[in-house]
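Below: one structure, written as structure tokens.
By convention here, the first residue in the shown sequence is residue 1. All values below come from the heavy atoms of this structure, side chains included, with hydrogens, waters and symmetry mates left out. This one's a predicted model, so the numbers in the text were calculated from it and none came from an experiment.
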Amino acid sequence: MDKLDKLFDRMTKDMVYYFIAGGLAEPDGLIRTVEFFLNFVDKGRLSGKLLDEELVKEALIHHLPNHMPLYIDESFYAYQMLLDLYYALYNERIITKEECKEMQYVIYLNKTAFLSRMSNPNYWSKNKLAVMDEWREGNFDIEEPYNLDNYNLDETVKKEVPNNILEFPRQSAAVKTQTSYVVRVDLKGYRPRIWRRLKIPASISYEQLHEILQIAFGWEDRHLHSFFVDKKIMIGPSDLEMVQFAEEQRLIDEDFQNKKTISYLYDFGCDWQHQLVIEKILEEAPVEYAICMKAKGETPVEDSRGNESWKAFDIADINKELKKKK
């Protein structure tokens, strides 16, 4: 068995998982996506070109959207498979762990462009449009087939100018006296739900919040992470180029006091997404460290996405570790 066969053999479980979990009609689209990507980047030779960031970006935001026919739901799982591809390359010792993390981050940074263009016919070739039209002829649950005449395929689609203007926090007439927050944090995508209820000091930074969440969910802090506020502000380590605010400098109180929507993403490969809901704003004697008030659900073992194994937890042990962070 050559390297390419071994690589696909390693990825088979993930493909089957996405096929079943995503309710896809067939897994062929995921297999074709990986093959298409590898063929474009380095003709399937598994060479150093797979670490060429510009070439990978070209594949993600131009070549795949232009030529690879996939339904919208398939596109999301195709994105996951491309992340898994680099993890498989690392496990097969074709690339190093650091190279794996770097390339997964490149893919993550281009996620929005990839998914939006995969679902936007303005970025499709005429051949892809024809294939998509043929696929949709027998599907009565969706709108009319795409019409070639409706799309200007000869002109380059204009880039949208991002709105990077951020609102400054409004000054409150009264001095805020909140000392802590009660926050429920859910690990998204699981039934029964996996969640933790935490009492958190109002004075901590997002960097400290990251450490608290790592302990509460039993993560090992071996991967990249970031926070998102109202789905438009990205907060993370200062060495991440895309973050708008450095987590070590921004206090949670700037966002928590207004009960904004907060999410926490850990491991850009496994894509562990956590939703934070601010349940109470407390005005009482301040707490010196975070406390886990209640916990439900065993958490997945690190790096087990797609083939989850589970680890038990003890709320007393969680609080023992949290106390060390005061």
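Ring pair Tyr181/Phe256 is perpendicular by interplanar angle, where above 60° counts as perpendicular and below 30° as parallel. The aromatic rings of His225 and His210 lie parallel to each other, with less than 30° between the two planes, well short of the 60° mark. Relative ring orientation between Tyr266 and Trp219 is described as tilted, the plane-to-plane angle lying within the 30° to 60° band.
Note: the hydrophobic cluster containing Leu276 also contains Ile194 (ILVMFWY, side chain heavy atoms under 4.5 Å, direct or indirect links). Leu115 is connected to Tyr105 through a chain of hydrophobic side-chain contacts under 4.5 Å among Ile, Leu, Val, Met, Phe, Trp and Tyr, so both are in one cluster. Hydrophobic cluster membership is shared by Phe36 and Leu46, with clusters built from Ile, Leu, Val, Met, Phe, Trp and Tyr side chains linked at under 4.5 angstrom. Hydrophobic clustering (ILVMFWY, side-chain heavy atoms < 4.5 Å, transitive): Val56 and Ile61 are in one cluster. Side-chain heavy atoms closer than 4.5 Å link hydrophobic residues (I, L, V, M, F, W, Y) into clusters, and following such links, even through other members, never connects Ile200 to Trp195.
Remark: of the listed residues Lys294, Gln275, Arg193, Arg193 is the sole one forming a side-chain contact (heavy atoms from CB on, under 4.5 Å) with Arg184. Screening Glu211, Glu254, Glu247 against Tyr206 for a side-chain contact (heavy atoms from CB on, under 4.5 Å) leaves a single residue, Glu247.
Side-chain atoms of Ser205 and Glu248, non-hydrogen and from C-beta on, never get closer than 4.5 Å to each other. Ile204 is listed as a side-chain neighbour of Leu209, based on a closest heavy-atom distance under 4.5 Å. Inter-residue side-chain proximity for Ile212 and Lys325 is flagged as unmet; no heavy-atom pair is nearer than 4.5 Å. With contacts defined as side-chain heavy-atom distances shorter than 4.5 Å, the pair Met81/Thr33 does not qualify. Inter-residue side-chain proximity for Phe114 and Phe76 is flagged as unmet; no heavy-atom pair is nearer than 4.5 Å. Between Asp255 and Phe245, the closest side-chain pair of non-hydrogen atoms is not below 4.5 Å. Considering only heavy atoms from C-beta on, Val182 comes within 4.5 Å of Arg197 through its side chain. Taking 4.5 Å as the limit, some side-chain heavy atom of Phe217 sits within range of a side-chain heavy atom of Val185.
Distance check, rounded to the nearest 0.5 Å: NE2 of His223 to CG of Leu265 gives 11.5 Å. Atoms CD1 and CG, from Ile95 and Leu85 in turn, are 8.0 Å apart once rounded to the nearest 0.5 Å. Expressed to the nearest 0.5 Å, how far CE of Met103 lies from CG of Leu83 amounts to 11.0 Å. Separating the OG atom in Ser116 from the CG atom in Asn122 is a distance of 11.5 Å, to the nearest 0.5 Å. With rounding to the nearest 0.5 angstrom, the CD1 atom of Ile215 is 10.0 Å from the CG atom of Asn319. With rounding to the nearest 0.5 angstrom, the CG atom of Leu55 is 8.5 Å from the CG atom of Asp42.
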Apply side-chain hydrogen bond (donor to acceptor under 3.5 Å, both in side chains) to Gln214 and Tyr264, showing your working. CA-CA 11 Å; Gln214 287 285 307; Tyr264 170 68; 2.9 Å; yes
Pair Leu82-Leu60, side chain to side chain contact (heavy atoms under 4.5 Å, CB included): steps then yes or no: CA-CA 10 Å; Leu82 293 175; Leu60 287 170; 3.6 Å; yes
Would you please test Glu58 and Phe40 for side chain to side chain contact (heavy atoms under 4.5 Å, CB included) and show each step? CA-CA 10 Å; Glu58 174 71 17; Phe40 173 77; 3.7 Å; yes
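Arg222 has a carboxylate O that lies under 4.0 Å from a charged side-chain N of Asp303, or vice versa, which qualifies the two as a salt bridge. Look at Glu321 and Lys324 and you find a salt bridge, because one of the NZ, NE, NH1 or NH2 atoms lies within 4.0 Å of a carboxylate O, short of that distance. Looking at Asp314 and Lys320, no side-chain N of the basic residue comes within less than 4.0 Å of a carboxylate O on the acidic one, giving no salt bridge.
Taking the ring centroids of Tyr190 and Trp310, they lie under the 6.0 Å cut-off.
For Arg45, there are no salt bridge (Lys or Arg N to Asp or Glu O under 4.0 Å) partners, not counting sequence neighbours. Phe313 pairs by the ring-ring contact (aromatic ring centres under 6.0 Å, His included) definition with nothing, not counting sequence neighbours.
Proximity of a side-chain donor or acceptor of Lys128 to a complementary backbone N or O of Met68 within less than 3.5 Å is detected. Side chain of Glu92 to main chain of Ala88: no donor-acceptor pair is present (N/O by atom type, distance under 3.5 Å, no hydrogens or angles). Of the possible polar contacts, one joining the Tyr86 side chain to the Leu50 backbone as a donor-acceptor pair under 3.5 Å is found. No donor-acceptor distance shorter than 3.5 angstrom exists from the side chain of Asp52 to the backbone of Gly48, with no hydrogens or angles considered. Between the side chain of Asp186 and the backbone N or O of Lys188 there is no donor-acceptor pair closer than 3.5 Å.
Counting heavy-atom neighbours within 6.0 Å of Lys280 NZ, excluding the residue itself, gives a total of 12 or less. Within a 6.0 Å radius of CD in Glu288, other residues, nucleotides and ligands contribute 12 heavy atoms or fewer. Counting non-hydrogen atoms of neighbouring residues, nucleotides and ligands closer than 6.0 angstrom, the NZ atom of Lys57 reaches no more than 12 such neighbours.
Minimum interatomic distance between Asp271 and Arg305 (heavy atoms only, all atoms of both residues): O-NH2, 2.9 Å. The two residues Pro300 and Leu187 come nearest to each other via the heavy atoms CD-CD2, 3.6 Å. Between His67 and Ser125, the shortest heavy-atom distance links the atoms ND1-OG, 4.0 Å. Contact detail for Trp124 and Pro65: the closest heavy-atom pair is CD1-O, 3.2 Å. Of all heavy-atom pairs spanning Ser304 and Cys270, the tightest one is N-SG, 4.4 Å. Closest non-hydrogen pair, Val41 versus Ala59, comes out as CG2-CB, 4.2 Å.
With hydrogens and angles left out, the side-chain atoms of Gln273 and Ser263 include no donor and acceptor closer than 3.5 Å.
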